[in-house]
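Scroll down for the structure; my scribbles are underneath it.
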Amino acid sequence: MAEGPAAPNPVAPGPVAAGAPLTLALPKGRVMQEALNVLRSAGLRLRLTGDERTLRFEAGDAVLIVMRNADVPTYVELGVADAGVVGKDVLAEAGSRVYEPVDLRFAACRLSLIRPRGARGAASRVATKYPRLTAAYLRSRGSTAEVVKLAGNVELACLSGLADAVVDVVQTGATLAANDLEEVDVIMASSARFVVNRAALKLKAGRLRPLIKALRDLSGS
Ligand code: PRP
């Protein structure tokens with residue numbers, strides 16, 4: 001019996017994927033979908049089978065491991081992942097020694113000092129998920145305010161009286177508007193970055209260099 005043309009294998013190595021698969025650390029949630037889109041556009045063939053609880057995908061050109069965004073720098077720095085995608089805000093807070101070759105431009109936001117609308121006088125206690133960046137910012141302003149670390153929904157600290165200011169991410173500004181809060185200073189701009197383990201860059205240069213180039217071309221960075 002004559003065979004028709006072979007169907008394309010969705011997990012066959014793509015043009016930037018010769019050699020052993022890369023392990024990539026991706027943050028759960030909104031950023032993950034955009035990261036998958038850009039990695040596919042850069043030539044990786046990625047097919048995910050599983051559901052929202054799956055934490056590790058053997059996805060063809062890469063093994064994907066999925067985690068909280070704050071953990072991505074740790075997995076990449078320690079070499080468990082060869083590379084990953086993470087926000088510049090999270091990367092700066094982690095202070096990790098990863099190579100950061102590409103600004104992917106999506107997930108643009110800013111890390112800002114936020115206070116209840118109309119608040120006056122110096123803040124004495126500042127709540128945040130970013131204690132290192134917050135302490136450095138306060139020091140640079142000559143502030144002696146106490147820094148309190150929280151795990152999420154940081155704006156609640158202002159609303160409940162736990163703190164008189166917070167440092168948190170502002171993206172659309174909708175959370176501020178909904179809670180009568182005001183952005184009083186921008187500490188840093190952030191967007192998603194492609195980050196690479198420094199040893200993997202040498203050991204897997206044949207896979208990582210073309211991927212970095214393709215991502216740079218796509219993002220214009
Ligand atoms: C982030 C951030 C703000 C919100 C800002 O929260 O902590 O709360 O987004 O976005 P907006 O300006 O578009 O309203 P996220 O949803 O990531 O949850 P988290 O606070 O639990 O980390």
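All values derive from a computational prediction rather than experimental measurement. For ligands, and for the atoms within them, numbers begin at 1 and follow the listed sequence.
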Notebook entry, point to check: Does one side chain, of Asp168 or Tyr130, offer a donor that lies under 3.5 Å from an acceptor on the other?
Noted result: no
Margin query: Using only atom types and a distance under 3.5 Å, with no angle test, would you say the side chain of Arg216 pairs donor to acceptor with the backbone of Leu104?
Written below: no
Note to self: Restricting to side-chain contact (heavy atoms from CB on, under 4.5 Å), what partner residues turn up for Glu100, sequence neighbours left out?
What the structure shows: Lys88, Leu91, Arg193, Val195
Item checked: Residue pairs passing the side-chain hydrogen bond (donor to acceptor under 3.5 Å, both in side chains) test where at least one lies in residues 147-165, sequence neighbours excluded -> Ser124-Asp164
Note to self: Taking non-hydrogen atoms within less than 4.0 Å of ligand 1, which protein residues qualify?
What the structure shows: Arg30, Lys129, Gly152, Asn153, Glu155, Asp168, Val169, Val170, Gln171, Thr172, Gly173, Ala174, Thr175
Checklist line | Residue that, paired with Leu24, satisfies side chain to side chain contact (heavy atoms under 4.5 Å, CB included) out of Leu36, Ile65, Leu44, Val63 | finding: Leu44
Item checked: Residue pairs passing the side-chain hydrogen bond (donor to acceptor under 3.5 Å, both in side chains) test where at least one lies in residues 70-79, sequence neighbours excluded -> none
